Protein chains: 2
Amino acid sequence: MDKPSVTSADVARLAGVSQSTVSRSFDSSSRISDGTRQKVFAAADELGYQVNKAAQTMIKKRSDLVGLVTAGLADPFRSEFLNSLVLEIQNNGLRPMVIDVSDTHTIDVQLQSLIQYQLSGVIITSGTPSEAVAKTFIKRGTPVVLVNRADHSSEADIVNLDNEKAGALAAEALMKAGKRKLMVVRSKVASYSSVKRTKGFLDKLSPFVKQGSISLEEAFCETGNYHGGAQFGADLLASKHYPDGVFFCMDCIACGFLDALKQSNTLAVPTDIAVIGCDDISIARYQSYDLTTVRQSPQKMAAAAVSALQKRLKQPNTKPIQQKVSVELVFRGTLTESNTL
Amino acid sequence: MDKPSVTSADVARLAGVSQSTVSRSFDSSSRISDGTRQKVFAAADELGYQVNKAAQTMIKKRSDLVGLVTAGLADPFRSEFLNSLVLEIQNNGLRPMVIDVSDTHTIDVQLQSLIQYQLSGVIITSGTPSEAVAKTFIKRGTPVVLVNRADHSSEADIVNLDNEKAGALAAEALMKAGKRKLMVVRSKVASYSSVKRTKGFLDKLSPFVKQGSISLEEAFCETGNYHGGAQFGADLLASKHYPDGVFFCMDCIACGFLDALKQSNTLAVPTDIAVIGCDDISIARYQSYDLTTVRQSPQKMAAAAVSALQKRLKQPNTKPIQQKVSVELVFRGTLTESNTL
DNA sequence: TTGTAGGCGTTATCAT
DNA sequence: ATGATAACGCCTACAA
């Protein structure tokens, strides 16, 4: 059943040229006479020839694979982001290989083994590799791009959302709406993004807290998803100690919280309590939530990550680039713009 | 900056053995004396040696990459399914390469180009390749697994959800609940799954329709997502011609529909109108929707797809396998089990 | 512009 | 059990 695959030598024979001419015909930067190239393409078409990437990789010491390191793909924002990354990688003539590191303590071992693939780069969206492992790649000439992982690293390029700005925008909007008993909520398990968003929120408000014009509380939910938010909401209602404005570091948590409120019917949104989320996942637009949120663009994040990777491939020795992607506040039902006027 | 990568020859030199011994040491099926293997591993560790997959692929004529063909990854069910597939592939010692074919009319060209990668297999979850292209792979010894694409194909292995059973279960439940004016809704753009689910629903009910004991209507929404469902709901309410039980071929459409109902407050769920979805995406469990639905297990689907692929790799010449994965009805708020007693 | 020839790092075959 | 050697298919000097 196994048909021997057709090689450039086969094409060469049929086209009546040398094997190297065939090879060159498929390299757009090689100068080949028009006639020859035509002949070669015709022969290649006839035989159904496709370049063997493995052989190509051996010579060039680089495959066209990009490692996409993530912990799961089903989380709402994550799936949107990975979707954008896959498209962006594909549009750059590269191929995404997905590596799931949900088992986060094995990340270094898993990354090490990626050396086998002569990757064109690694984009890390979950987990943080040790400096040593990151260096292994960079020394080999394999770009490493960290997305929302840290502020600076000795060697890797970095793309971060403007997380602090996100927190600050939420804080501002709640202030303008006249809310005075504020709260910021993130998952107990700290992520870089959540910590930064929280910090942005707190920093923006700290002068007012000092003045005593507002009260401010930092709170945590058990898990960074819908159910964590729902649980958090139920607990808060039970405590009978309510804020009048809350910023959630992730939309999905905010949605869970809103559902908890809805069920108890104790507090009206946004009059009694305003809610702001972060990310603008598609669920935030659902009528049941209609969540005011700080939007980030997965497309912009993906484009920034891939372009950082490409730049590094072209100029391996320039110093690491650190980039911040902008955010914007989107008003919906859980804090309307008119509230803030 | 580019450090020359360490090869098995380097390891051999350090370990004081031949290069082939190093190669064999990393092949568990090769018999090597314990002492030698220890030496080799020690040397490999010291140098940070990793097998070069490109070279390996050249010889074996097969990489450990599995092509995962999909149209987008952000749709709720799709992201859960791909998540399971990625994990399953990884746990089988393979690597997932994602190919986005949102641009569905280019699928044949895109698939052809995958020949370049000497894949261990291709799992197609979106789009349907032409017979000719599928054959190209299979002739090469590259397994092709179609997931929810068709009933039979000349050569490829097939994994389908038991889509008809899904429709039938929904129909039964609505009948038992005493609903008599039934409707089934799917996206205007037909997908294999939706068509089969609809068929299962209609077939189950057709005897009763003939008897005249129930009325049954087939309807379509513009898009196969939340917004399609919301739009559909608004239109239905405007028409003032209401069914008392509806089966949606996808959960996300059902959620949009429920939100439209909620907004108008005309019909109570499930008393005036019962709603059943399909897939059991995580949103179906959200309190705002609490959707009764026909559950499918992405894990089971993924396991079936990958195991079909593995079997085919081991036994290339057995005839195509076709497999159906079971479904189960999950009662929640939009049609409670007590309704059906 | 085109052809010739060497080598990329591995596995597999054949000796030993 | 281990070592030597020949592929695998391509790219890239170098030569013509």
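Order of the sequence lines sets the chain letters (A, B, ...), proteins ahead of strands, with each chain counted from 1. None of these values were measured; they are calculated from a predicted model.
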Sugar-phosphate, base or nothing in reach of A:Val22, heavy atoms under 4.0 Å:
nothing
Indicate, with a heavy-atom threshold strictly under 4.0 Å, whether B:Thr36 touches base, sugar-phosphate, or nothing.
sugar-phosphate
First of A:Lys53 and B:Ser33 reached from the 5' end of DNA chain D, by closest nucleotide
B:Ser33
Which atom pairs link the protein and nucleotides 12-16 of chain C when you take only N or O atoms and keep those under 3.5 Å?
none

To the nearest 0.5 Å, what is the distance between CD on B:Glu131 and OG1 on B:Thr136?
10.5 Å
Can you tell me how far the CG atom of B:Asn148 sits from the CZ atom of B:Phe81, to the nearest 0.5 Å?
7.5 Å
Nearest whole Å is fine: how far is [N] [atom2] from [X] [atom1]?
X	N	atom1	atom2	value
A:Lys61	D:dG9	NZ	P	19 Å
A:Phe26	C:dT2	CZ	P	15 Å
A:Gln118	D:dC10	CD	P	18 Å
B:Arg140	D:dC8	CZ	C1'	13 Å
A:Asn52	D:dA7	CG	P	18 Å
A:Tyr117	C:dT10	OH	P	14 Å
A:Met58	D:dA7	CE	C1'	12 Å
B:Gln116	D:dG9	CD	P	15 Å

Could you tell me whether the phosphate oxygens of [N], OP1 or OP2, come under 4.0 Å of any side-chain nitrogen or oxygen in [X]?
X	N	answer
A:Ser8	D:dC10	yes
A:Gln56	D:dC10	no
A:Thr21	C:dG3	yes
A:Thr7	D:dG9	no

I'd like to know whether A:Phe41 forms a ring-ring contact (aromatic ring centres under 6.0 Å, His included) with A:Tyr49, so could you lay out the CA-CA distance, the side-chain angles of the two residues, the decisive distance to 0.1 Å, and finally the verdict.
CA-CA 9 Å; A:Phe41 283 175; A:Tyr49 169 73; over 10 Å; no
Is a side-chain donor-acceptor pair under 3.5 Å present for A:Ser23 with A:Ser20?
no
Say whether B:Asn92 and B:Gln310, considering side chains only, have a donor N or O and an acceptor N or O under 3.5 Å apart.
yes
salt_bridge(B:Arg37, B:Asp34) N-O dist < 4.0 Å
no
Would you mind checking if A:Arg95 and A:Asp64 are paired as a salt bridge, meaning a charged N to carboxylate O distance below 4.0 Å?
no
Is a donor on one side and an acceptor on the other found under 3.5 Å between the side chain of [X] and the backbone of [Y]?
X	Y	result
B:Asp100	B:Gly72	yes
B:Gln50	A:Leu114	no
A:Ser84	A:Glu80	yes

At a heavy-atom distance below 4.0 Å, what parts of residues 37-49 of chain A sit against DNA chain D?
A:Tyr49
